[in-house]
Amino acid sequence: MQEHMLQQLIDSLHKQYSKNEEGEVATYIPELGKADPDLFGICLATKDGRIFETGDSDQRFTIQSISKPFTYGMALEVLGQEKVSRHVGVEPSGDAFNSIELESGTNRPYNPMVNAGAITVSSLLYNHYGDEALEIMLERFSAAAGRRLSVDEEVYKSEARTGHRNRAIAHLLLNFGMVFENIEPALDLYFKQCSILVNCRDLAIMSATLSNLGKNPVTGEDVYDISCVKDMLSIMLTCGMYDYSGQWAYRVGIPAKSGVSGGVMASVNRQLGLASYSPKLDARGNSCRGIDVCVSLANELGLHAFDCMNIGSSYLKTILEQ
Ligand code: GLU
């Protein structure tokens, strides 16, 4: 039987972009600097639960900032949009992910995809759930991935030991009353959420869970409330790719999130979750090969939300019916 067109496509992109040697592995969290720069995996998960994968799609790495939309969704579910928006905004910041800056006037972090916003969300979750927060988070992330996930202790300890900038951000937030007094355990929760281990397949399924309106397409489990998924995807589209988000919306046009360990996850509305892993990052902190893969997939399959080939997602629908 002939291989599915999506398998052929990702195999060929993997071959093509393995040659891209650009970028540097992140080292500001010392443990991340140990990653093998040649690793490269791609995975697609469809809304009917099929998986297409190639390269190092089994390789585990820490989720880092890709955790941020998922914790934001959890906060929206338990606290509601109004309460969450008193603590964190929805505007792209135009600054680096770890900038020590808050929105003028409100003193809120700009959005939940930059560190200030994500630390605020972790503080909201810690305040709500207390010491159970990490376990509840792990359960939720695991349900989205369809298998039990865990924390990489070495990466967690490495970031907890060296995360002075994030501590500075947390104390600035405390100064403005955006986070709660018990900031140390909330920061600890943030460091642990960033150190949750995933592989490309996990991320593709987590992403497909969002594309599939909150239901994991492999296990059939309802993981996220449909109303929160809309907010999670909107923030990913406007703020998910660091200060490349504007260009990303222009060129790729799919809600996405990347992380400093080299993962990129993107959600094609009601169709597909895609993920790639390759640790070498560009100057903005996005995986070089990950960007290549997403730009090519968007072009080849007409995935951009406003692509003329994507009218009613009919082109992709035809491919998925194969
Ligand atoms: N744990 C990382 C940090 O806070 C996450 C950054 C990222 O992936 O963008 O610095």
Side-chain angles (χ1 to χ4, degrees), residues 23-35 60-72 88 92-101 109-123 125-126 134 137 141 149 151-173 179 183-184 186-198 200 202-203 206-207 235-236 238-245 248 256-266 275-288 290-291:
E24 301 292 334
V25 175
T27 52
Y28 73 96
I29 300 172
E31 198 64 21
L32 291 184
K34 295 183 181 167
R60 292 191 188 180
F61 55 95
T62 51
I63 190 167
Q64 298 299 336
S65 271
I66 304 173
S67 60
K68 293 172 179 173
F70 295 100
T71 53
Y72 181 56
V88 56
S93 71
D95 292 312
F97 68 98
N98 58 1
S99 72
I100 304 186
E101 200 187 4
Y110 278 92
N111 65 70
M113 301 295 109
V114 290
N115 285 7
I119 291 168
T120 303
V121 168
S122 302
S123 166
L125 290 174
Y126 185 78
L134 178 67
M137 192 183 279
F141 282 36
L149 303 177
V151 171
D152 182 321
E153 288 296 325
E154 293 311 312
V155 175
Y156 155 66
K157 280 190 217 142
S158 183
E159 183 166 14
R161 191 164 34 82
T162 57
H164 308 303
R165 195 176 174 99
N166 283 330
R167 287 202 174 80
I169 291 172
H171 284 274
L172 183 69
L173 290 164
V179 295
I183 191 61
E184 273 307 322
L187 264 170
D188 200 60
L189 179 64
Y190 173 74
F191 294 143
K192 284 189 173 136
Q193 89 182 41
C194 289
S195 299
I196 293 175
L197 278 168
V198 289
C200 264
D202 297 326
L203 276 188
M206 290 171 89
S207 173
I235 288 286
M236 283 162 61
T238 53
C239 310
M241 298 297 286
Y242 304 119
D243 51 340
Y244 185 72
S245 297
W248 178 271
K257 185 73 199 87
S258 68
V260 290
S261 55
V264 180
M265 156 190 109
S276 117
Y277 170 60
S278 178
K280 283 174 138 191
L281 310 180
D282 63 18
R284 290 178 161 109
N286 293 311
S287 164
C288 296
I291 298 261

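Atoms within each ligand, like the ligands themselves, are counted from 1 in listed order. Residue indices begin at 1 and follow the sequence shown. Since the structure is predicted, the reported quantities are computational estimates derived from the model, not experimental observations. Values below: every heavy atom of this structure, side chains too, minus hydrogens, waters and symmetry copies.
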Quiz prompt | Basic-acidic side-chain contact under 4.0 Å: R167, E184 | solution = yes

Exercise. Write down, by chain and number, every protein residue that brings a non-hydrogen atom to less than 4.0 Å from an atom of ligand 1.
Key: Y28, I29, Q64, S65, F97, N115, E159, N166, Y190, C194, Y242, G259, V260

Practice problem: Establish, from distance only, whether the side-chain atoms of N115 and N98 form a donor-acceptor pair under 3.5 Å. | Solution: no

Self-check item: Nearest atoms (heavy-atom pairs only) where K257 meets S65
Solution: CE-O, 3.3 Å

Quiz item: What are the two closest non-hydrogen atoms of A160 and F191, and how far apart are they?
Solution: CA-CD1, 3.7 Å

Quiz prompt | Polar contact flag, side-chain donor to acceptor under 3.5 angstrom, S122-Q193 | solution = yes

Practice problem: Please identify each residue that fulfils side chain to side chain donor-acceptor pair (under 3.5 Å) with K280, with sequence neighbours left out. | Solution: none

